[in-house]
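These values consider heavy atoms only, across backbone and side chains, with no hydrogens, waters or symmetry-generated copies. Ligands are counted one by one from 1 in listed order, and the atoms in each one are counted from 1 as well. Just so it is clear, the structure is predicted and the values come from calculations on it, not from any experiment.
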Amino acid sequence: MSTRILALCGGVGGAKLAFGFESLLKAKLLDELLITVNTGDDFEHLGLTICPDLDTVTYTLAGMVNTKTGWGRADESAHCMEALRQLGGEDWFYLGDKDLALHLERTRLLKSGWTLTQVSQHFAERLGIHAQIIPMCDEPAPTLVHTTAGVLPFQHYFVRERCEPVLKSLEYGGENTQANPALLEAICGAEDAGLTAIVICPSNPYLSVDPLLALPGVRDGLAKTKVPVIAVSPIVGGQALKGPTAKIMKELGVEVSSQSIAAHYRDFLDCLIIDRGDASESEAVASYVPHIELAATVMRIDQDKLALAGRVLDIAKTLNHIK
Ligand code: FO1
């Protein structure tokens, strides 16, 4: 039987698991991979359309990502940024020279009438990626961050203010936007299409996954599907591996634990995969999801990403027979 995965993904953390799936796809251990990426972080900057999570996923799967930051390209130069700084231009958001080429080309294609979906698939093909990478929607759906310092556009909060303002709540632009038809079709037609599972990658639930879930029809579709919905917890040992997930959870008054992740997704989740080291949390997690699985969820090197993707796929196949 063929194996097909739909992955919902944010930036750096999620992209690592997506890379593992892409490796399985290339090795023909997986037959089809559709990755739908958060675009709540997107913004217009220096006259260009910037889609950080889409680009992080694309660069990661193409083996071109800067592994130190987890975003941007490896072997970058910053001549344009330096020249911009000299002119007194806005330099708070780092855009490497090679990365700029992608933003220039995307902006040009969008202006000539391409959709963001078409541009994203075109870039993936050009960079030798086997998976399909699509944005969560084609229209802008910017996430707004309500903080004690006022309401901030996402990248102003995340990069310019370094997530320092205390977060009060999040507003997702997608609530009034049409979800990508390919995403809705994948979720609603999952059973007929023989999808093995829907996987929520280990991305920040509030900043990266919720914008996707807020799109009309997505959360509801996940709750109704007969295909297993599996999430990998981004919390290990009471901490987030990268980024501000733990800080945000604390500011929202949520305990930093996999139990909180299970509670957050409880209306649609069939299985939460937590780190082996957190086995003692299993009982608490079990009050929110029917299945809990243990795995090595810390992905430092490519081998870790492949191993976790393989484990998720095995769990997916097993649950697909049960659900
Ligand atoms: N993150 C930063 O912390 N500082 C930056 O200057 C920055 C630039 C940047 C440029 C392109 C890109 O694709 C990503 C970039 N990121 C930067 C990462 C990005 O802001 C975040 O990873 C996501 O938006 C959160 O998922």
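- Remark: ligand 1 and Thr56 share no N or O pair separated by less than 3.5 Å (distance only, no angle test).
- Heavy-atom proximity to atom 19 (C) of ligand 1, evaluated over Gly11, Gly13, Pro52, is greatest for Pro52.
- Contacts between Arg162 and ligand 1 below 4.0 angstrom, taking non-hydrogen atoms only, are absent altogether.
- In terms of protein heavy-atom proximity, atom 9 (C) of ligand 1 is nearest to Phe93 CZ, 3.2 Å.
- Residue Gln155 has at least one heavy-atom neighbour below 4.0 Å for each of these atoms of ligand 1: 20 (O), 24 (O).
- Under 4.0 angstrom from ligand 1, the non-hydrogen atoms of Trp71 all belong to its side chain.
- Side-chain contact between Thr297 and Asp278 is absent, with no heavy-atom pair separated by less than 4.5 Å.
- In this pair, Trp92 and Phe43 present their aromatic rings tilted. The plane angle is within the 30 to 60° band.
- Residue-ligand proximity, Tyr94 to ligand 1, at heavy-atom distances under 4.0 Å covers atoms 5 (C), 6 (O), 8 (C), 9 (C), 10 (C).
- Annotation: Asp41 places an N or O atom under 3.5 Å from an N or O atom of ligand 1; distance criterion only.
- Looking at ligand 1, you won't find any N or O of His103 less than 3.5 Å from one of its N or O atoms.
- One hydrophobic cluster holds both Ile200 and Ile248 under the rule that ILVMFWY side chains link at heavy-atom gaps under 4.5 Å.
- The pair Glu105-Arg108 meets the salt-bridge criterion, with a side-chain N (NZ, NE, NH1 or NH2) lying under 4.0 Å from an Asp/Glu carboxylate O.
- Every atom of ligand 1 is numbered from 1 in the order shown, and the set under 4.0 Å from a heavy atom of Phe154 is 24 (O).
- Ionic pairing of Asp302 and Lys305 is present here: one or more N-O contacts between side-chain nitrogen and carboxylate oxygen are shorter than 4.0 angstrom.
- Taking a 6.0 Å sphere around CZ of Arg276, one finds it holds more than 12 heavy atoms contributed by other residues, nucleotides or ligands.
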Listed pairs under 3.5 Å, donor-acceptor, residues 7-26 side chains, sequence neighbours left out:
residue	atom	partner	partner atom	Å
Lys16	NZ	Met299	O	3.3
Glu22	OE1	Ala131	N	3.0
Glu22	OE2	Lys26	NZ	3.3
Glu22	OE2	His130	N	2.8
Ser23	OG	Phe19	O	2.9

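- Listed by number with element, the atoms of ligand 1 under 4.0 Å from a non-hydrogen atom of Asp99 are 11 (C).
- On a distance-only criterion, Asp53 and ligand 1 share at least one N/O pair closer than 3.5 Å.
- Residue contacts with ligand 1 for Asn38 are absent, since no atom lies close enough (heavy atoms, distance under 4.0 Å).
- With respect to atom 3 (O) of ligand 1, the closest heavy atom belonging to the protein is Val159 CG2, 3.8 Å.
- Although no hydrogens or angles enter the test, the distance criterion places a donor-acceptor pair under 3.5 Å between the side chain of Ser287 and the main chain of Ala284.
- Ring-plane geometry between Phe154 and Phe158 is classed as parallel, the angle between the planes falling under 30 degrees on a 0 to 90 degree scale with a further cut at 60.
- For atom 21 (C) of ligand 1, the closest non-hydrogen atom on the protein side is Phe158 CE2, 3.6 Å.
- Asn320 places a side-chain N or O within donor-acceptor distance of the main-chain N or O of Thr196, the cut-off being under 3.5 Å.
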